[in-house]
Amino acid sequence: MENGAAQPVIVAIDGPSGTGKSSTSKAVAAQLGLSYLDTGAQYRAITWWMVNNGIDIEDPTAVAAVAGKPDIVSGTDPQGPTITVDGVDVAVPIREQDVTSKVSAVSAVPEVRARITELQRTIASSADGGIVVEGRDIGTTVLPDADLKIFLTASPEARAARRSGELKGADLHTTREALIKRDAADAGRKTSPLAKAGDAVEVDTTDLTLQQVIECVVTLVEEKRAAK
Ligand SMILES: Nc1ncnc2c1ncn2[C@@H]1O[C@H](COP(=O)(O)OP(=O)(O)OP(=O)(O)O)[C@@H](O)[C@H]1O
Ligand SMILES: Nc1ccn([C@H]2C[C@H](O)[C@@H](COP(=O)(O)O)O2)c(=O)n1
């Protein structure tokens, strides 16, 4: 870096559920003055809209026919990310079990992915100072030219323990099975499945604290920025 100004940088963070993508991405973006985009929240938002409008989510043709209808807006401040659908704040309802159990089916529909991918690229290209975008297909499909790609992993046991803690003591076995089922659906779909990009740096977070993961990613971003 020649003039001391921070270089804009695009960071893609992918991985299965509960590996720490959201917590890490938000903290890294806040620390480095970058924008932050939670793409899972967008897929949850479109799923919430489908459910609320009585669309049969088991019918991909019905889902595809209305994929362009909801107006989904994401706020990208890492200190307070927001998500609205047709002007309604859906940050809370999109985390409910009903949406969580249906989001993989809705996000497997190619027309849904095309719509949301376009939205994501528009947001990333208008983030002047740079952005951390987290999801499942960011490094492979949405932003294949990202400056840095990270793929977070963790054992199913560690991920289930983290989620059970969040869900206030939910049964560990049931949580683990639900995570594995959602990952299998996300990794097994035809259109832009959950996958590690060939040029992504894999970070196994099983035995790392969240703080250690954040520090690791901040270092990787700073190295990339310095080399630009
Ligand atoms: N390295 C870690 N050690 C312990 N707990 C962690 C670690 N990373 C994240 N967590 C905790 O695990 C939970 C899940 O993390 P987070 O929501 O960031 O994962 P995610 O990959 O974004 O999940 P999803 O894809 O399902 O949204 C949170 O409660 C978070 O605080
Ligand atoms: N880039 C993405 C992001 C998310 N999804 C789908 C698959 C996930 O199960 C679901 C919810 O994501 P989460 O909030 O748990 O991160 O959304 C996807 O297909 N592509």
Side-chain angles (χ1 to χ4, degrees), residues 12-29 36-48 50 57 72 74 78 81 83 90-91 93-110 112-121 123-124 132-143 146 149-168 170 175-176 178-195 197 203-217:
I13 301 193
D14 291 299
S17 308
T19 50
K21 299 181 300 296
S22 299
S23 322
T24 305
S25 302
K26 252 187 278 187
V28 169
Y36 160 70
L37 179 62
D38 176 355
T39 64
Q42 297 176 312
Y43 284 104
R44 287 172 179 273
I46 199 166
T47 302
W48 175 88
M50 299 275 168
I57 64 114
I72 298 168
S74 300
I83 180 103
V90 294
I94 62 167
R95 303 289 161 195
E96 285 169 5
Q97 185 49 36
D98 189 39
V99 170
T100 301
S101 65
K102 293 179 169 131
V103 64
S104 289
V106 172
S107 60
V109 175
V112 168
R113 300 208 72 79
R115 167 89 203 292
I116 301 290
T117 297
E118 190 190 348
L119 200 57
Q120 292 161 354
R121 288 180 177 151
I123 293 169
V132 181
V133 183
E134 56 114 338
R136 303 292 190 290
D137 62 337
I138 310 305
T140 54
T141 304
V142 179
L143 302 169
K149 301 177 187 177
I150 310 269
F151 193 79
L152 297 183
T153 62
S155 70
E157 290 70 28
R159 297 188 286 126
R162 293 171 189 174
R163 279 272 173 252
S164 293
E166 260 182 355
L167 302 172
K168 309 228 169 11
T175 306
R176 181 179 178 279
L179 280 175
I180 290 173
K181 189 174 163 206
R182 188 146 65 94
D183 289 346
D186 294 341
R189 68 175 172 241
K190 281 204 179 119
T191 312
S192 58
L194 158 67
V203 179
D204 183 347
T205 72
T206 306
D207 298 316
L208 300 179
T209 64
L210 177 55
Q211 196 49 41
Q212 287 173 320
V213 181
I214 294 165
E215 279 165 20
C216 168
V217 176

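Remember, it's 1-based here, ligands and their atoms both numbered in the order they're listed. Numbers here simply count residues along the sequence, with the first being 1. Source: prediction; values computed, not measured.
Considering backbone and side-chain atoms alike, T19 places an N or O below 3.5 Å from some N or O of ligand 1. Inclusion of E134 in the set of residues having an N or O under 3.5 Å from an N or O of ligand 1 is not warranted. In terms of polar-atom proximity, defined here as any N/O pair under 3.5 Å, K21 does make such a contact with ligand 1.
Within the structure, ligand 1 lacks A154 among the residues with a heavy atom less than 4.0 angstrom away. Residue R182 places a heavy atom under 4.0 Å from ligand 1. For G15, the closest heavy-atom approach to ligand 1 does not fall below 4.0 Å.
Only backbone heavy atoms of T209 (N, CA, C or O) come within less than 4.0 Å of ligand 1; its side chain stays farther off. Residue contacts with ligand 1 for L208 involve N, CA, C or O but no side-chain atom from C-beta outward (heavy atoms, distance under 4.0 Å).
Of all atoms in ligand 1, listed by their number and element, those nearer than 4.0 Å to a heavy atom of G20 are 8 (N), 9 (C), 15 (O), 16 (P), 18 (O), 19 (O), 20 (P), 21 (O). Close approach of ligand 1 to S22 is summarised as follows: ligand atoms under 4.0 Å from at least one heavy atom of the residue are 18 (O), 20 (P), 22 (O). Under a 4.0 Å criterion applied to the non-hydrogen atoms of P16, ligand 1 contributes the atoms 21 (O).
Listed by chain and number, T39, G40, Y43, R44, R95, V103, S104, S107, R113, G135, R136, D137, I138, R182, D186, R189 each place a non-hydrogen atom less than 4.0 angstrom from ligand 2.
Of the listed options R136, R162, R163, R163 places a heavy atom closest to atom 17 (O) of ligand 1. Of all the listed residues (S25, S23, S17), S23 holds the heavy atom that lies closest to atom 16 (P) of ligand 1.
Of the possible donor and acceptor atoms, one in the side chain of R121 sits under 3.5 Å from a partner among the backbone N and O of V142. The main-chain N or O of T206 is never found under 3.5 Å from a side-chain atom of S155 such that the two would form a donor-acceptor pair. No donor-acceptor distance shorter than 3.5 angstrom exists from the side chain of R113 to the backbone of A108, with no hydrogens or angles considered. Side chain of K102 to main chain of T47: no donor-acceptor pair is present (N/O by atom type, distance under 3.5 Å, no hydrogens or angles).
The shortest distance between side-chain heavy atoms of V28 and E134 does not fall below 4.5 Å. Using a 4.5 Å cut-off on side-chain heavy atoms (C-beta onward), L210 and R162 make no contact. Looking at heavy atoms from C-beta onward, C216 lies in side-chain contact with V203 at the 4.5 angstrom threshold. Side-chain contact between S107 and Q42 is absent, with no heavy-atom pair separated by less than 4.5 Å.
With a 6.0 Å radius and a threshold of 12 heavy atoms from other residues, nucleotides or ligands, E118 has its CD atom at or below the threshold.
With sequence neighbours excluded, the residues that form a side-chain contact (heavy atoms from CB on, under 4.5 Å) with A91 are I83, D89.
A side-chain hydrogen bond (donor to acceptor under 3.5 Å, both in side chains) with R44 is found for exactly one of T100, D38, T39, namely T100.
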* Asked: How far apart are the C-alpha atoms of V106 and Y43, what are their side-chain angles, what is the distance that settles it, and do they pass the side-chain contact (heavy atoms from CB on, under 4.5 Å) test?
  -> CA-CA 8 Å; V106 172; Y43 284 104; over 6 Å; no
